Amino acid sequence: MKAMTSRSATEANQPMGSVQTIAVHHLSVNYRSVQALRNISFTVSSGQLIGIFGPNGAGKSTLIKAMLGLIPSVTGSVMFDDRPLTQQLERTAYVPQRSQIDWTFPATVWDVVLMGRVRKSGYFQRFSVTSRRMAIEALERVGMAAYRDRRIGQLSGGQQQRVFLARSLAQEADLFCFDEPFVGIDQKTEDVLFSIFRELVSTGKTVMVVNHDLGESITQFDHLILLNRDLIAVGDRATVLTLENMTRAYGGYVSFFSENAA
Amino acid sequence: MLDLLIEPLQYGFMQRSLLVAIIVGIICSVVGSYLMVRRLALLGDAISHSLLPGLAIAFVLGMNIYLGAFIAGVISAVIIGWIHTRSPIKEDAAMGIVFSAFFALGITLITTIQKSNKIDLNHFLFGNILGVTGAEVRDTAIIAVLVLLTVILLYKELLFYSFDPLGAQATGLPVQVFNSGLMILVALTVVASMKAVGVILVLSLLITPAATAYLLVPRLHQVMLVGAGMGVFSSISGMYLSYYYNLPSGPAIVLVVSILFFLALLFSPSYGILTHSKAIVEDK
Ligand SMILES: Nc1ncnc2c1ncn2[C@@H]1O[C@H](COP(=O)(O)OP(=O)(O)O)[C@@H](O)[C@H]1O
Ligand SMILES: [Mg+2]
């Protein structure tokens, strides 16, 4: 098996006897006749910033969705701390690809951030004072508090992405999944995203980020998962960014990136 | 002026039909707001056209015709979903196929039984609000309470689900249940509206007030409230127009709703075509 576990310094801070891990076993996903993922297995320890890479159509979004049980998988299991991840969804926060959101929806920034508190609030309950406070703090953390009452469609792409980041922060999750958060955003937002990912990871949270771009930001990730329908490689940058792996995933033309980045 | 408003109210049938028109104006706008934001306007149309065969079969069996209509509406939504998930046919095509088939069956059945029975196809197609009975007012009110309670009690969950279904599902919310629940709310609402405007025009009451409000206010609950206000205003003014000018009531209500929409389209402070000639329209 190609799976590989790397330990990070933060793991030492976790309670004894609970080495948190995400373990994916033999995951396969089909869309009708199309096989999108083939027998994916890997284990990563939590408290890391994990990058999921691969060309367009590689099955990156599919992997995240199947892990969270948003689409059915043909075979496979996904465990988080030795229990099925789908039974602990209250511990996860998912930010979909921006193309999946209807940006003309009649909702304000405030409405969207509060969505992060829906599950914690429970049915038939109004948002508590705590929930409102957490929503405001989350907005302040991403620098969007001043835009509270703006309609979501009136923001720039970067601002929209920061609002979704704030929503995920308000969820108080342990596992964060972002699908292509760097698409269509400004440099400032990219910096905000990475600095918050770092903060989350340093407090023991796990952050999984789908990214198809092999720019220099790849050096920000602790752990890489390289996909192209099959799992090509998983591990730290030196392990994953080899010429052979990159050629298998992307074809020959991007291979030289790997030498600088690794 | 006041006399003009009070005069029709001396008749019991006008009191009942105004009451039903107001209730229908409210629930259609509220439920229609979800259909609009989820881009399911066609589904409202599909479910309403699909009521007819259920109604006819219930009539023949001696059951409550509104119950039969409701069941047919739900079955049509289930079949649409089934075709959509089990075949490569797209949802809009599935809707077109199912609702025209149901509609054809309904018209065939009703035409056959109305030869020998006191049942009039036109009343279901175009509404017959002046013939509303006390029991029908009561049933409409019960449906309205059910619909509004559901929307109020589950507001924050339904907002999350309608804005970002995957994100909502990823937090563990039962989005499949919400999906079915929304179908049921739509079916209940169109059944309740059948008597007022008929199955052909109910789409207007579902979508137009919500779309009008969408041009005026930025948040979903505001869209629902303003939409409900428009629905009520249109229902009342449509009924009075119909009383004084001897117009058919359903179409009169729909015409008022549509005029309000075009006014908002032209003059909305944020999106009006005339008030914002260079407005940048958000990504569609
Ligand atoms: N809903 C769907 N129905 C059918 N095929 C799909 C669907 N979603 C994705 N696919 C296919 O599955 C493959 C993987 O898609 P995806 O996970 O979105 O890739 P990525 O996120 O890596 O770009 C692609 O070939 C895509 O065309
Ligand atoms: Mg993708």
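Small disclaimer: the values here were computed from a predicted structure and weren't measured.
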Bottom line for B/Leu154: the part with an atom under 4.5 Å from chain A's heavy atoms is side chain
Practice task
Check for a donor-acceptor pair, side chain of A/Arg119 on one end and backbone N or O of B/Ala168 on the other, with a separation under 3.5 Å.
Solution key: no
Applying a strict 4.5 Å limit to non-hydrogen atoms, the region of A/Gln171 in contact with chain B is side chain
Point to revise | A/Phe127, CZ: over 12 other non-hydrogen atoms inside 6.0 angstrom | key: yes
Applying a strict 4.5 Å limit to non-hydrogen atoms, the region of B/Ser162 in contact with chain A is both
Note to self: Does B/Phe233 have more than 12 heavy atoms from other residues, nucleotides or ligands lying within 6.0 Å of its CZ?
What the structure shows: no
In this structure, CZ of A/Phe124 is separated from NZ of B/Lys156 (nearest 0.5 Å) by 8.5 Å
Tell me if the OH atom of A/Tyr31 is crowded by more than 12 foreign heavy atoms within 6.0 Å. yes
By residue number, those in residues 170-186 of chain B with heavy atoms under 4.5 Å from heavy atoms of chain A are B/Ala170, B/Thr171, B/Gly172, B/Leu173, B/Pro174, B/Phe178
If one checks every heavy atom of A/Val95 against chain B at 4.5 Å, the contacting part turns out to be neither
- prompt: Should we say atom CZ of A/Arg32 is surrounded by more than 12 heavy atoms from elsewhere, each under 6.0 Å from it?
  reply: yes
CE (A/Met115) and CD (B/Glu157) are apart, to the nearest 0.5 Å, by 11.5 Å
Given A/Pro96, A/Ala93, A/Gly116, A/Cys177, the one with more heavy-atom pairs under 4.5 angstrom with chain B than any other is A/Pro96
The side-chain contact (heavy atoms from CB on, under 4.5 Å) partner of B/Leu166 among A/Ile71, A/Ile101, A/Ile64, A/Leu70 is A/Leu70
Between the CZ atom in B/Phe163 and the CG atom in A/Asp111, the distance rounded to the nearest 0.5 Å is 9.0 Å
To the nearest 0.5 Å, atom CD of B/Gln169 lies from atom CG of A/Leu68 at 9.0 Å
Turns out that what part of B/Val37 lies under 4.5 Å from chain A's heavy atoms comes down to both
Most heavy-atom pairs under 4.5 Å with chain A, out of B/His221, B/Gln222, B/Arg219, belong to B/Arg219
Of the listed B/Val217, B/Leu159, B/Asp164, the one with the largest count of heavy-atom pairs under 4.5 Å with chain A is B/Asp164
Taking a cut-off of under 4.5 angstrom between non-hydrogen atoms, the residues of residues 139-153 of chain B near chain A are B/Leu153
In terms of heavy-atom pairs under 4.5 Å with chain B, the winner among A/Glu90, A/Arg167, A/Lys120 is A/Arg167
